[in-house]
Amino acid sequence: QVQLVESGGGLVQPGGSLRLSCAASGRTIRTYAMGWFRQAPGKDREFVAGISWSGAGTLYADSVKGRFTISRDMAKNTVSLQMNSVKPEDMAVYYCAAKVGLLIATREYDYWGQGTQVTVSS
């Protein structure tokens, strides 16, 4: 079993930056592909960014490409999402997820965190 806990959410102004972190426990996520998803009120949960188990491969939703960066720290068993040039439409609950095998941009992940709220407002 893998437990995932997100942190770093909060209030950010449009155009600002925020860094989300996901800490894994239970077992190492060294061999897991990791993803960040988000869900706004009344909308489906959507893929934001993902990183392969090795860190060599990444995927981004078109809506965040060039603004968000996903990274992982094998030693610390963590995954981060650096959010820059944040827009009002980025406001959502952000979830960290882990899966065995290949990196994918759909929701078929094996483990999920509880989420962290990102609010975008001036």
Side-chain angles (χ1 to χ4, degrees):
Q1 288 287 336
V2 175
Q3 291 80 45
L4 303 172
V5 178
E6 303 92 341
S7 62
L11 177 65
V12 59
Q13 293 184 344
S17 297
L18 204 62
R19 187 176 181 86
L20 306 183
S21 293
C22 173
S25 62
R27 64 174 59 179
T28 177
I29 55 171
R30 189 180 300 271
T31 58
Y32 286 74
M34 302 297 297
W36 283 97
F37 291 75
R38 67 187 181 188
Q39 188 167 18
K43 295 188 176 182
D44 290 335
R45 191 172 299 188
E46 64 175 358
F47 175 81
V48 175
I51 189 165
S52 64
W53 67 269
S54 68
T58 56
L59 288 175
Y60 294 94
D62 288 343
S63 58
V64 307
K65 206 170 290 183
R67 300 188 297 120
F68 291 8
T69 303
I70 189 171
S71 60
R72 66 189 304 163
D73 187 324
M74 297 293 197
K76 295 182 179 180
N77 222 29
T78 60
V79 177
S80 297
L81 184 70
Q82 178 66 41
M83 304 169 60
N84 296 330
S85 302
V86 172
K87 301 178 180 180
E89 52 263 42
D90 294 323
M91 186 164 68
V93 178
Y94 282 71
Y95 298 89
C96 175
K99 70 174 298 291
V100 176
L102 298 177
L103 172 62
I104 58 174
T106 55
R107 287 178 287 181
E108 290 74 29
Y109 278 65
D110 302 305
Y111 303 100
W112 292 84
Q114 293 300 306
T116 185
Q117 175 71 48
V118 172
T119 300
V120 183
S121 176
S122 55

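For clarity, every value in this text was computed on a predicted model and none was experimentally measured.
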At their closest point, which heavy atom of R27 faces which heavy atom of V2, and how far apart are they? CG-CG2, 3.3 Å
Are L11 and S121 close enough that some pair of their side-chain heavy atoms sits under 4.5 Å apart? yes
Show your working on side-chain contact (heavy atoms from CB on, under 4.5 Å) between R19 and S80 and close with a plain yes or no. CA-CA 7 Å; R19 187 176 181 86; S80 297; 3.5 Å; yes
I would like to know whether M83 and V118 meet side-chain contact (heavy atoms from CB on, under 4.5 Å); could you show each step before the answer? CA-CA 10 Å; M83 304 169 60; V118 172; 4.1 Å; yes
Mark yes when over 12 heavy atoms from residues, nucleotides or ligands other than Q114 sit less than 6.0 Å from its CD; otherwise mark no. no
Is it true that the side chains of T78 and D73 contain a donor and an acceptor less than 3.5 Å apart? no
Between CG of L4 and OG of S25, what distance do you get to the nearest 0.5 Å? 7.5 Å
Inter- and intrachain pairs under ring pair (Phe, Tyr, Trp, His ring centres under 6.0 Å), touching residues 77-115, at least two apart: F37-Y109, F37-W112
Would a 4.5 Å heavy-atom cut-off, applied to side chains only, mark D110 and K99 as touching? yes
Could you walk me through whether I51 and L103 pass the side-chain contact (heavy atoms from CB on, under 4.5 Å) test, one step at a time? CA-CA 7 Å; I51 189 165; L103 172 62; 5.5 Å; no
Using 0.5 Å steps for rounding, measure from the CG atom of L18 to the CG atom of N84. 9.5 Å
Applying a strict under-4.5 Å side-chain criterion to I, L, V, M, F, W and Y, I'd like to know whether W36 and W53 cluster together. no
Using residues 60-68 as the side-chain source, report each donor-acceptor pair under 3.5 Å to any protein atom, sequence neighbours left out, with the distance given to one decimal.
{"residue": "Y60", "atom": "OH", "partner": "I70", "partner atom": "N", "Å": "2.9"}
{"residue": "D62", "atom": "OD1", "partner": "K65", "partner atom": "NZ", "Å": "3.1"}
{"residue": "S63", "atom": "OG", "partner": "R38", "partner atom": "NH2", "Å": "3.4"}
{"residue": "R67", "atom": "NH1", "partner": "S85", "partner atom": "O", "Å": "2.9"}
{"residue": "R67", "atom": "NH1", "partner": "D90", "partner atom": "OD2", "Å": "2.7"}
{"residue": "R67", "atom": "NH2", "partner": "S63", "partner atom": "O", "Å": "2.8"}
{"residue": "R67", "atom": "NH2", "partner": "D90", "partner atom": "OD1", "Å": "3.0"}
{"residue": "R67", "atom": "NH2", "partner": "D90", "partner atom": "OD2", "Å": "3.4"}

Let me confirm one number: the CD1-CE distance from I29 to M74, rounded to the nearest 0.5 Å. 8.0 Å
Begin with the C-alpha distance, continue with both residues' side-chain angles, and end with the deciding distance and a verdict on side-chain contact (heavy atoms from CB on, under 4.5 Å) for R72 and M34. CA-CA 9 Å; R72 66 189 304 163; M34 302 297 297; 3.7 Å; yes
Side-chain heavy atoms under 4.5 angstrom apart, residues restricted to Ile, Leu, Val, Met, Phe, Trp, Tyr: same cluster for L20 and V5? no
Please check if L81 and F47 belong to a single hydrophobic cluster, counting links between Ile, Leu, Val, Met, Phe, Trp and Tyr side chain heavy atoms closer than 4.5 Å. no
Nearest 0.5 Å please: distance from the CD atom of E6 over to the SG atom of C22. 5.5 Å
